[in-house]
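Note that the structure is a prediction, hence the values are computed from the model and not measured.
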Amino acid sequence: MSRSIRTPTCPPSRSARAAGGKVTAMHLVIIGGSDAGIAAALRARELSKDVRITVLLADDYPNYSICGLPYLIGGQTPDASKLAHRTTFPAVDMRLRHRVTAIDPAGKSVSIERPGGTTELQYDRLIVATGAHPVRPDIPGADLPGAFVLHTIDDGLAVLDAVRRHRAGKAVIVGAGYIGIEMAEALQQRGMHVTLLSRSDEVMPGVFSEIGAMIRERLTTEGVEVVTQAGVERIEQGMVVEQRLVVFTTDGRRRPADLVILATGVRPATDLARDAGIALGEGGAIAVSDTMATSHPDIFAAGDCAVTRHRLHGKPTWISLGTIAHKQGRVAGENAIGGSRTFHGIVGTQSLKLYDLVIARTGLSDTEAREEGYEPLTVEIGAWDHKSYYPGATQIGVWITGDVKTGRLLGVQMVGRAGAEVSKRLDIVAAGLFHGIGVDALNDLDLSYTPPLSSPWDPIQRAAQDWSHAAARSG
């Protein structure tokens with residue numbers, strides 16, 4: 001991915017021909033901004049000064065941080081404009097409030113609704129970067145005023161307005177994944193009484209249950225009511241206080257709420273692609289090659305609307321993450337103007353900060369690994385984040401998973417206090433997983449050491465050693 005490349009040139013046959021047969025610059029059209037769309041535009045412009053680049057955006061925010069919305073609502077980032085990043089880009093035609101309604105691959109054009117009417121725009125190459133849509137659960141009352149999804153800056157501002165109108169009020173969050181947990185902290189810090197509902201046995205089902213229990217305990221300590229094994233049957237308008245809602249849950253409770261957050265996931269925004277006959281793949285996302293090419297010539301796709309490939313099993317998968325979108329967008333932008341770059345896949349690396357707790361994971365859990373045909377073994381250890389004789393040392397929990405048949409490293413999950421470098425330590429493992437190393441090979445890595453920051457054997461390496469001993473005993 002870091003190799004040097006020659007700046008690609010666009011062959012005349014791929015360029016547009018004006019009246020009289022004159023060859024004009026290639027026109028690259030990108031549907032959608034934010035992570036993938038903007039990354040594609042910037043990479044294309046970086047490599048070519050001649051290509052015309054038009055980015056079509058349905059709203060007013062070319063490049064904003066979805067991940068930052070809980071911190072806008074929680075007050076850590078009080079200025080919403082800080083989440084909008086850049087709004088103008090040199091030599092890129094940014095067209096705000098231009099919503100694409102159809103793609104015509106045969107005519108190489110897109111239909112657009114814009115202020116003042118409709119229009120069509122021709123392209124030579126097209127990149128679809130339409131992202132994902134938040135899922136409103138299919139329950140009665142999910143669309144009532146006061147029930148919010150959280151995906152755009154406008155969503156965030158609407159929730160923030162409701163929070164300010166209902167200070168010290170009650171909030172119910174439906175869904176205990178990453179966004180639900182982050183929003184529980186944000187609303188609790190705003191002084192609201194928060195109830196977090198999880199349909200699963202534990203919060204954050206993507207991590208080991210022991211880690212989920214730690215998250216639940218931390219939330220409970222801060223005053224958040226956490227309810228597991230509780231789905232939502234319906235939401236109704238309250239009769240006592242204007243605009244107040246009542247959430248009816250499967251445990252038989254009625255929970256009044258001044259606002260409800262529906263943190264029940266997202267789905268790829270692929271209606272345009274589907275209607276244009278572009279092939280879809282895993283999770284309903286757009287099927288792409290490792291060059292981000294779709295099933296249609298001259299059309300690429302990237303970001304939350306496109307599939308990706310998991311390096312540990314080689315299969316197409318769909319994960320909605322900004323890190324993936326940035327990388328895919330860069331690859332699509334390069335290849336759309338004649339390059340030959342490859343997107344090399346992912347290993348599923350994610351992290352979360354909750355109060356003073358940091359949770360991170362990468363790779364496969366033992367359950368996921370078993371489903372992919374591995375023979376997984378997971379070992380848990382606790383280790384100091386740095387030498388215990390230096391002040392401030394705290395314990396890090398490490399869960400390491402490997403394949404006992406081959407010794408291959410399959411995944412790691414970690415939890416520890418903020419400042420213990422949990423997330424950055426996990427990146428060591430993510431790099432190893434990316435290159436397919438064995439568990440024992442972690443011990444060969446030349447990692448840094450000084451008593452205030454680590455130990456001669458990093459906690460990751462300590463876990464690898466314990467895993468090797470356990471694997472030997474199990475064999």
Before accepting this row, confirm whether a basic side-chain N of the pair [X]/[Y] lies closer than 4.0 Å to the acidic partner's carboxylate O.
X: E222; Y: R218; value: yes
X: R361; Y: E368; value: yes
X: K315; Y: E282; value: no
X: D271; Y: R274; value: yes

Nearest 0.5 Å, please: how far is [atom2] in [Y] from [atom1] in [X]?
X: L96; Y: D59; atom1: CG; atom2: CG; answer: 8.0 Å
X: I73; Y: I261; atom1: CD1; atom2: CD1; answer: 6.0 Å
X: T249; Y: R234; atom1: OG1; atom2: CZ; answer: 10.0 Å
X: S209; Y: I215; atom1: OG; atom2: CD1; answer: 11.0 Å

Ignoring hydrogens and angles, tell me if any N or O in the side chain of [X] forms a donor-acceptor pair with the backbone of [Y] under 3.5 Å.
X: K353; Y: Y355; answer: yes
X: T401; Y: L410; answer: no
X: Q328; Y: G303; answer: yes
X: Q413; Y: F208; answer: yes
X: R45; Y: V92; answer: no
X: W318; Y: I286; answer: no
X: N335; Y: R341; answer: yes
X: D124; Y: H27; answer: yes
X: R425; Y: D385; answer: yes
X: E113; Y: R97; answer: no

Between N63 and F89, does a side-chain contact (heavy atoms from CB on, under 4.5 Å) hold up when you go through it step by step?
-> CA-CA 10 Å; N63 191 22; F89 302 84; 4.1 Å; yes

Residues in ring-ring contact (aromatic ring centres under 6.0 Å, His included) contact with H310, at least two apart in sequence or another chain = H313

In sequence, state the C-alpha distance, the side-chain angles, and the governing distance for E120 and D104, and then conclude on side-chain contact (heavy atoms from CB on, under 4.5 Å).
-> CA-CA 10 Å; E120 288 191 355; D104 177 10; over 6 Å; no

Apply side-chain hydrogen bond (donor to acceptor under 3.5 Å, both in side chains) to the pair S198 and S200, showing each step before the final yes or no.
-> CA-CA 5 Å; S198 173; S200 58; 3.0 Å; yes

Output, in order, the C-alpha distance, side-chain angles, deciding distance and verdict of side-chain hydrogen bond (donor to acceptor under 3.5 Å, both in side chains) for H326 and D35.
-> CA-CA 5 Å; H326 278 285; D35 297 337; 3.2 Å; yes

Under the side-chain hydrogen bond (donor to acceptor under 3.5 Å, both in side chains) criterion, do S81 and D79 qualify, and how do the steps go?
-> CA-CA 5 Å; S81 67; D79 184 355; 2.7 Å; yes

Where do D298 and Y123 land on the side-chain hydrogen bond (donor to acceptor under 3.5 Å, both in side chains) test, with the steps shown first?
-> CA-CA 9 Å; D298 299 322; Y123 65 82; over 6 Å; no

More than 12 heavy atoms of other residues, nucleotides or ligands under 6.0 Å from CZ of R199: is that the case?
-> no

Among V439, L442, I460, find the one that has a side chain to side chain contact (heavy atoms under 4.5 Å, CB included) with V412.
-> I460

Between P62 and M94, what is the shortest heavy-atom contact and its length?
-> CB-CE, 3.5 Å

Search all heavy atoms of V110 against all heavy atoms of L56 and return the closest pair with its distance.
-> CG2-CD1, 3.9 Å

Determine all donor-acceptor pairs shorter than 3.5 Å in which one atom belongs to a side chain in residues 128-147; sequence neighbours excluded.
unit_1	atom_1	unit_2	atom_2	d
T130	OG1	A269	O	2.6
R136	NH1	A142	O	2.6
R136	NH1	A147	O	3.3

Does R309 count as lying over the ring of F343, i.e. NZ or CZ under 6.0 Å from the six-ring centre, within 45 degrees of the axis?
-> no

Flag side-chain contact, heavy atom, 4.5 Å: V247 against L197 = yes

Among all residues two or more places apart in sequence or in another chain, which pass the side-chain contact (heavy atoms from CB on, under 4.5 Å) test with E375?
-> D403, V404, K405

